[in-house]
There are 4 protein chains.
Amino acid sequence: MAPLNDEQLSQIRDERRIQIMGAALRVFARRGIIGTKMSMIAAEAGISHGLLYHYFTSKEELFTTLVQGAMEASQEAMKEVYRFPGTPLDRIRRLSEEMLDKSGALYFLLIHQARTSEGVPDKVNQLMRDYSLDTYVEELLPLFREGQERGELDAGDTEEMIASYISVLSGLMVVTADGNDDYRIPPVDRLLRMITKR
Amino acid sequence: MAPLNDEQLSQIRDERRIQIMGAALRVFARRGIIGTKMSMIAAEAGISHGLLYHYFTSKEELFTTLVQGAMEASQEAMKEVYRFPGTPLDRIRRLSEEMLDKSGALYFLLIHQARTSEGVPDKVNQLMRDYSLDTYVEELLPLFREGQERGELDAGDTEEMIASYISVLSGLMVVTADGNDDYRIPPVDRLLRMITKR
Amino acid sequence: MAPLNDEQLSQIRDERRIQIMGAALRVFARRGIIGTKMSMIAAEAGISHGLLYHYFTSKEELFTTLVQGAMEASQEAMKEVYRFPGTPLDRIRRLSEEMLDKSGALYFLLIHQARTSEGVPDKVNQLMRDYSLDTYVEELLPLFREGQERGELDAGDTEEMIASYISVLSGLMVVTADGNDDYRIPPVDRLLRMITKR
Amino acid sequence: MAPLNDEQLSQIRDERRIQIMGAALRVFARRGIIGTKMSMIAAEAGISHGLLYHYFTSKEELFTTLVQGAMEASQEAMKEVYRFPGTPLDRIRRLSEEMLDKSGALYFLLIHQARTSEGVPDKVNQLMRDYSLDTYVEELLPLFREGQERGELDAGDTEEMIASYISVLSGLMVVTADGNDDYRIPPVDRLLRMITKR
DNA sequence: TATGAATGAGTGTTCATTCAT
DNA sequence: GATGAATGAACACTCATTCAT
């Protein structure tokens, strides 16, 4: 029989890569880079551990690839806010809701793992420096400034306000992201009180 | 030198145990149970790794002992709030400051590790169930109720308010506890706005 | 295109086999049986690694086939000497030159690999016993005897002389066969002094 | 009971190192760096494989250490020749006998493995460059020169003579070093004929 | 025939734990 | 009590071999 053509092979490869990255994300996010065994990822993806190495040269590379993707995605998500409708406060509310919504939680957990684990590849540490909190603060600065000018947001140091708010959101995502219900995500309106004008 | 009597020996034993537990706390809190090698704890404690096994039968037991202690201590800390002076709001402010102050951060990080790591001993999981968020909520309920009655705190579902507030504090402790400055602890007054009457 | 007929197919098969064996020889000779990966042979032959298994059932079989061929060829080469022109000494000189000339070096290296590697198939070990040094000695005995009778070669134990001389040649081939210039092939005349009459 | 004192520990360590290096030499020399499994060395040394790593950080380090030792020892052995009694030819005879005597054969095989294997650590390749054949040629130059002046050795290019002679000896050591009797070590007098005056 | 995705046994290395001293 | 040598289970990764296409 004829061998598969390039297009078919390429499709198989792409699908496998996505399948593996999905599985790896779920495991890495929960267990961190050290706690994650390649065999766990293989089992989660439903393939043999050997096959992982056809697609990623090492555990480190797989982890790094995921982190890079997560950082870019989170950066992108931050920019989304400017496409939301409504006043600055409406937009911040929407951004908060989307962040706390479980959909992106695994990515946040992954980034938290990357930030706090010790045995992390150099490249990941570099990424962490590249995408620090400051990047997000800068991105959101115009939005929050406008909110202050309109009188929706509290006056004062805008950058502190943003950094504080994002830190709170991040912390909540981290502690609530894994399945456990030990913690509780507050209603968004309660969170917004931290920054709205009284 | 005369041989030590039983009491002295017992005291050495206790001191060693404390020394080891302190070292273990510092390492476990930062690196989690899997990321922590017994040799790291030994090095941190300044003893040989063999000696660890005279005081704790295994890494798991050491971890479990620490978690148990941490949970009891955090429970205790919660009760402290009733010994603080001032109005309920004053007390909540003081409680917040103490939690976010680094002193107890290691214990919180350790508990977070215990809560989120997967390879954790069963006994630890049991402890987690015993000391859920609800325990803290109950403990603080009288204080927050009083705050609401006095008009210092916002009205509404008290338990939600407490759970939300503690979750925010916990999240902040977790993301800021290790050395990294990627996140920022907000000023306590900003946090209190979440729960104070406007 | 019309399907190939049996004969053509058979020829393709033979050509492929030869192509693969040539590639395998080059790789095995340099790297030994353990150091050689099937993928290296495939790359050297310019085919996919899967295809190797259409022609040889295993790495061992491929290696064994090559060794067998090499032994037969070397046996054959030894017989060549009787077709060379000139006196016995002339012929021994010519034999020496041809052996030390790189052309057959890969075969010798391969045989050396087979002789010294441990993880070698049983069949190869059998071949080694079948084609021991004695075989060569016997083959060359008439030639060297004639040389002695003519007074070209030193008198004495002919078999020792041959075995010694071949061992020296073999040793030289082995240490100089791979690209490295760490060793030096002596001029043939210097080697011949070991056996010529003074 | 008191722990072992430093001296005892140091002695245990030294003995173990020697024991391991001996075992490793035997296995590496025969099977090369790729063909040698750490478990083989452990078995040969009669210890667990884990213990190897208390003494050598990796297979590469162990191999490199051995090669370095072997090169230094062979260098040293070459210098020995000047302490032998007798004429230059006597000394060369003695040197030849000692080289072909099995005692140092494993070291030579090891060096041959290092020279010809491909998966060899960089440091080993560096050592190979540092201790090339030239080094030995230089070392022996005065001796051979004296032999020529005295009329014991053939006239002509001294360096070629030495390089040729050492190459022949090396080749013989390599092909005869492993247990097999397929090759035969010639009587030293036969070898000497290559370089002596007729 | 030909390809390369897929599998799993095997190897290097780490580290919790044991134990002689 | 205290030390560190010693063991072996566990894990990252490689590669011979199989097989669907």
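Every chain is numbered from 1 and lettered A, B, ... according to where its sequence line falls, protein lines coming before strand lines.
- In DNA chain E, consecutive stretches of 3 or more Watson-Crick or G-U wobble pairs with both distances under 3.5 Å are given as paired ranges: E:2-21 with F:2-21.
- For the pair C/Leu51 CG and F/dC19 P, the interatomic distance rounds to 17 Å; values are reported in whole Å.
- Atom CG in A/Leu9 sits about 19 Å away from atom P in F/dC19, given to the nearest Å.
- At whole-Å resolution of the value, CD in D/Glu60 and P in E/dT11 are 18 Å apart.
- Both A/Ile33 and D/Arg16 sit near DNA chain F, but only D/Arg16 has its closest nucleotide nearer the 5' end.
- No engagement by A/Leu52 is indicated, since no non-hydrogen atom pair under 4.0 Å with the nucleic acid exists.
- Of the inter-residue distances, the one linking D/Leu62 atom CG with D/Arg17 atom CZ reads 8.5 Å to the nearest 0.5 angstrom.
- Taking CD of A/Gln68 as the start and CD of A/Gln126 as the end, the distance is 11.0 Å to the nearest 0.5 Å.
- In terms of position on DNA chain E, the residue among C/Ile47 and D/Gly50 whose nearest nucleotide sits closer to the 5' end is C/Ile47.
- Residues satisfying the side chain to side chain contact (heavy atoms under 4.5 Å, CB included) test with A/Ser48, not counting sequence neighbours, are A/Leu51.
- D/His49 contributes no side-chain N or O that forms a donor-acceptor pair with the base of F/dA6 under 3.5 Å.
- A side-chain N or O of A/Thr57 and one of A/Glu61 form a donor-acceptor pair less than 3.5 Å apart.
- Taking for each of A/Ser39 and B/Gly46 the nucleotide of DNA chain F with the nearest heavy atom, the 5'-most of the two is the partner of B/Gly46.
- For the ring-ring contact (aromatic ring centres under 6.0 Å, His included) condition, the pairs that include at least one residue of residues 22-64 of chain A, sequence neighbours left out, are A/Phe28-A/Phe63.
- Among the atoms of the strands shown, only primed sugar atoms or phosphate atoms (P, OP1, OP2) are found under 4.0 Å from some heavy atom of D/Thr36.
- Between E/dG12, F/dC13, E/dT17, one nucleotide has an atom nearer to the side chain of A/Met38 than all others, and that is F/dC13.
- Atoms CD1 and CD1, on D/Ile33 and C/Ile34 in that order, are 12.5 Å from each other to the nearest 0.5 Å.
- Rounded to whole Å, atom C1' of E/dT13 lies 5 Å from atom OH of D/Tyr53.
- Rounded to a whole Å, the OH atom of D/Tyr55 is 16 Å from the P atom of E/dT14.
- Side-chain contact of D/Glu15 with D/Gln19: a donor-acceptor pair under 3.5 Å is absent, judged by distance alone.
- What separates NE2 of A/His54 from P of F/dC13 is a distance of 14 Å, to the nearest Å.
- The distance between atom CD1 of A/Ile34 and atom C1' of E/dT14, rounded to the nearest whole Å, is 12 Å.
- Here the P atom of nucleotide F/dC13 and the NZ atom of C/Lys37 are 17 Å apart, to the nearest Å.
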